[in-house]
Amino acid sequence: MPASSPRTASYEAAPNIALVKYWGVRDESLALPYNSSISVTLDRLRTRTTVSFDPSLAEDTFRLNGRPAPPKALASVSELLDRVRAAAGTPDRASVDSTNNFPTASGLASSASGFAALAGASTAAAGLAWSPRKVSQLARFGSGSACRSVFGGFVEWRAGTRADGRDCYARPLFGEGHWPALRDLVLLLDDAPEKEVRSAVAMQSTVATSPEYSRRQQELPDRIRRIRRAIATRDAARLFPLIMEECDSFRAVCETTRPPLDYLTSTSRTLLAEVRALNEEAGRPVAGYTHDAGAHLHVFVLDRDAAAVRRRLGKVPKVRQTLLLRPGPGGRRTTGGAR
Ligand code: PMV
């Protein structure tokens, strides 16, 4: 292909939900987190992105769901593309076209799937034959959690300890078929507000001001070991209480940040209480909740309990929609965008 033609590639990736939260950056220039995190990549939800490096373009362009994206979103896309241009040795600007098959502002982590898809599509379009690990290491510069969306199933992002970041990377722990009975019941709420502070900024404010942060960091290695083991042995009775403990710890450092970071609404709090009540009434951990930096909830359940839990939680006023998802596949190159 002549060097003057556009070079195009497409890639699709899914959001993920963290069972152990990434919250705090130890090196901003290398995007290195303080602690390791573990997530589940979700099925059915997808961001599909096509990137074309085109010598005839004067500027990068970014269309999101068929419309020109806001300037801030374009700026963060261009920042990631600059890294790709530097690695590939090309000055060419790019057009980026990205579509989510779920509402972008729904509170589902579209930045994770979005930056994973952008990293996959842009490196391929630039002719870089990068491994998934390298694509993932690039994706985290857009949004930390995006590095986990390159992989499917259960994924660990290892924080590493080296100053140069070479031992900081995401890797698949168990594939999407590892635990066929596990479900993530996503509860989308009517009263969820728009995010006020970007997570990358909010977490650094937690590191600087929360008196609970260092205790959380001390507790995490052991909690991560226990969560990894509960997933390995498909032990829901152990996993569900552990992810709630982790979510409560994440919420505690947010709420003790100055000024406080309060991501939940009264509906989210009602739902947390409902899940606790459900487990108490059943005399066993039927469900385990978690949430990100937002008001919507993810409630993990086993297949056999999913319908009953969904009925009960779906009745709580202001629950707009419930989705029953499974662990899903990782990011992949698609062919549709090639010209
Ligand atoms: O990836 P970011 O920078 O949007 O931060 C994500 C932070 C959490 O979603 C709260 C936790 C996580 O590990 O996904």
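These figures come from a predicted structure and were not determined experimentally. When a ligand or atom number is given, it counts from 1 through the structure's own listing order. FYI, side chains are in, hydrogens and waters are out, and symmetry mates aren't considered; it's all heavy atoms of this structure.
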**Ser249 and Lys21 side chains, donor-acceptor separation under 3.5 Å** = no
**Prompt:** What pairs with Asp262 under salt bridge (charged side-chain N to carboxylate O under 4.0 Å, His left out), at least two apart in sequence or on another chain?
**Reply:** Arg269
**Side-chain donor-acceptor contact under 3.5 Å, Thr265 with Ser268** = yes
**Complete:** For Asp303, the side chain to side chain donor-acceptor pair (under 3.5 Å) test, sequence neighbours excluded, returns none
**Asked** Do His291 and Tyr263 make the cut of ring centroids closer than 6.0 angstrom?
**Response** no
What are the atom names and distances for all N or O pairs under 3.5 Å between ligand 1 and the protein?
unit_1, atom_1, unit_2, atom_2, d
ligand 1, 1 (O), Ser143, OG, 2.8
ligand 1, 1 (O), Gly144, N, 3.3
ligand 1, 1 (O), Ser145, N, 2.8
ligand 1, 1 (O), Ser145, OG, 2.6
ligand 1, 9 (O), Asp292, OD1, 3.4
ligand 1, 13 (O), Tyr22, N, 2.9
ligand 1, 13 (O), Arg148, NH1, 2.9
ligand 1, 13 (O), Arg148, NH2, 3.2
ligand 1, 14 (O), Arg148, NH2, 2.8

**Message:** Can you pull out every salt bridge (charged side-chain N to carboxylate O under 4.0 Å, His left out) where at least one residue sits in residues 210-222? Sequence neighbours excluded, please.
**Reply:** Glu212-Arg215, Arg215-Glu219, Arg216-Glu246, Glu219-Arg223, Asp222-Arg225, Asp222-Arg226
